[in-house]
2 protein chains.
Amino acid sequence: MSRWEPNARGRLEQAALELYLERGFEQTTVAEIAKQAGLTERTFFRHFADKREVLFAGAGSLQELFVNAVVGAPDSMAPIDAVAAALEAAAAPFRERREHARQRQAVIAANAELRERELIKLASLASAIADALRGRGVTEPAASLAAETGIAVFKVAFERWINPVDSADSINQPDLSQLIRESLDELKAVTAGS
Amino acid sequence: MSRWEPNARGRLEQAALELYLERGFEQTTVAEIAKQAGLTERTFFRHFADKREVLFAGAGSLQELFVNAVVGAPDSMAPIDAVAAALEAAAAPFRERREHARQRQAVIAANAELRERELIKLASLASAIADALRGRGVTEPAASLAAETGIAVFKVAFERWINPVDSADSINQPDLSQLIRESLDELKAVTAGS
DNA sequence: ACGCTGATGACAGTCACTGACATCGGTCGT
DNA sequence: ACGACCGATGTCAGTGACTGTCATCAGCGT
């Protein structure tokens, strides 16, 4: 029998999400999260750099997924299509966790500081994708533009997945991959309009 | 003669930029900024919501410029071109303040929290542009995608304006409007590649 | 002259976050 | 089996961002 309950980090993540949902982000103190997880405030900060980061712990593995998918795309693929392939690859792990994603997004949407953190995570993602594209021989500024564009598409598709407008989609869970394809097609139509 | 020196807000902005440049953002306390401006910490927080906001005071008027330019664009213009016109309109006021813009960007680039704040300002800009586009009858998600795309173009062009790679541009100040047009053309080339 | 207003100061308080040191099961080398 | 060491956690004191509240006082209108 070990000295402490296992998975301290996971307990902190769960406690934080619950409390942020119940009381809101600002009305929750780190001490409360730690107490609910059976730990101390100091330990919270050993696992997470700040009060916001506890909601973004999975961002690292998501970024890996994206980058690997870009790197692994066939050389013949145009940059924007390599990015599109990466977006669809990254969509897969969300499929099982729509409810969790929805709760998390609700918390983030309700607080400006959390939206800031989400934006910088997405920017970091875009930067990593641009790096991967440059690794494929794509030059600047095409690499950055394709990456940023891809993230914009992902944001739009994700938002439609979480919070569907279409009445059919709001009954049956829409398919994130398909929404990504649709959004990318919309984007191509928009930018072609000159 | 009035009771206090005039332009307290401006003095705080200038003191903050100077100190952030000298010592870095984190190493500067609000009390120090206030003291250098001849005011107290409490007064700083009456003018700016937080320590970061003092660098982003001008964002509001920039957003006005953008939105007015989108609203004022000829009805016949395609969404992406209306956005492009707005970007060029917004470029004008920067022309006179490249050195100031450069210092400000140097401070922001050096600190993650400031980058977060910049990103949310840009996102707010994108959201306002999307609103303006919807006011022109553009439907979703085309409005959001055109707006986000426009911001991506602006970011890339601004970065190239502040920190030119091209040797000719690094001698003569490049023209921000022209960089915007070039970047938009690059984007169109990228997204057309399918 | 009088009272009101608006910008500022003074001050105490909360909370996010950090550094330093203590604690103590588990593990490893012998 | 024993002792040295390690790593996750606890304890505690401190800094600094930010807030609520009340006081101050020049200027302004009446």
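A note on names: the letters A, B, ... follow the listed sequences, proteins ahead of strands, and every chain is numbered from 1. A quick note: this is a predicted structure, and the numbers were derived from the prediction, not measured.
Atom CZ in B/F48 sits roughly 14 Å away from atom P in D/dT19 (whole-Å rounding). Atoms CD1 (A/I33) and P (C/dC15) sit 13 Å apart, rounded to a whole Å. Distance, B/F25 CZ to D/dG16 P: 14 Å, rounded to whole Å. A straight line from CG of A/L39 to C1' of C/dT23 spans 16 Å, rounded to a whole angstrom. If you measure from atom NZ of B/K51 to atom P of C/dA16, you get 17 Å, rounded to the nearest angstrom. Summarising the geometry, the separation between CD on B/Q27 and P on C/dC17 is reported as 17 Å, rounded to the nearest angstrom. With rounding to whole Å, A/L12 atom CG is found 14 Å from C/dC17 atom P. When rounded to the nearest whole Å, the span between CZ of B/F45 and P of C/dT14 equals 18 Å.
Distance from the side chain of A/W4 is smallest for D/dG7 among the nucleotides C/dA16, D/dG7, C/dT8.
For the OP1/OP2 pair of C/dT8 and a distance below 4.0 Å, the side-chain nitrogens and oxygens of B/T40 include no atom meeting the criterion. In terms of phosphate contacts, B/H47 brings no side-chain nitrogen or oxygen within less than 4.0 Å of OP1 or OP2 of C/dA7. For the pair B/T43 and C/dT8, the criterion of a side-chain N or O lying under 4.0 Å from OP1 or OP2 is not met.
Salt-bridge formation is not detected for the pair A/E118/A/R115: no Lys NZ or Arg NE/NH1/NH2 atom is positioned less than 4.0 Å from an Asp or Glu carboxylate oxygen. Salt-bridge annotation for A/R136 and A/D81: absent, with no side-chain N of the basic residue lying under 4.0 Å from a carboxylate O of the acidic one. A salt bridge links A/E53 to A/K121: at least one charged side-chain nitrogen sits closer than 4.0 Å to a carboxylate oxygen. Ion pairing between B/E5 and B/R11 fails under the 4.0 Å rule for side-chain N and carboxylate O.
Here A/A8 lies in heavy-atom contact (under 4.0 Å) with sugar-phosphate atoms only.
Between the side chain of A/R46 and the base of D/dG10, a donor-acceptor pair under 3.5 Å is found. On a pure distance criterion of 3.5 Å, no polar donor-acceptor pair joins the side chain of A/R3 and the base of D/dG10.
In terms of position on DNA chain D, the residue among A/E41 and B/R42 whose nearest nucleotide sits closer to the 5' end is A/E41. The nearest heavy atom of DNA chain C to A/E26 and to B/R11 marks one nucleotide each, and the one closer to the 5' end goes with B/R11.
Classified by interplanar angle (parallel below 30°, tilted 30° to 60°, perpendicular above 60°), the ring pair A/Y20/A/F25 is perpendicular.
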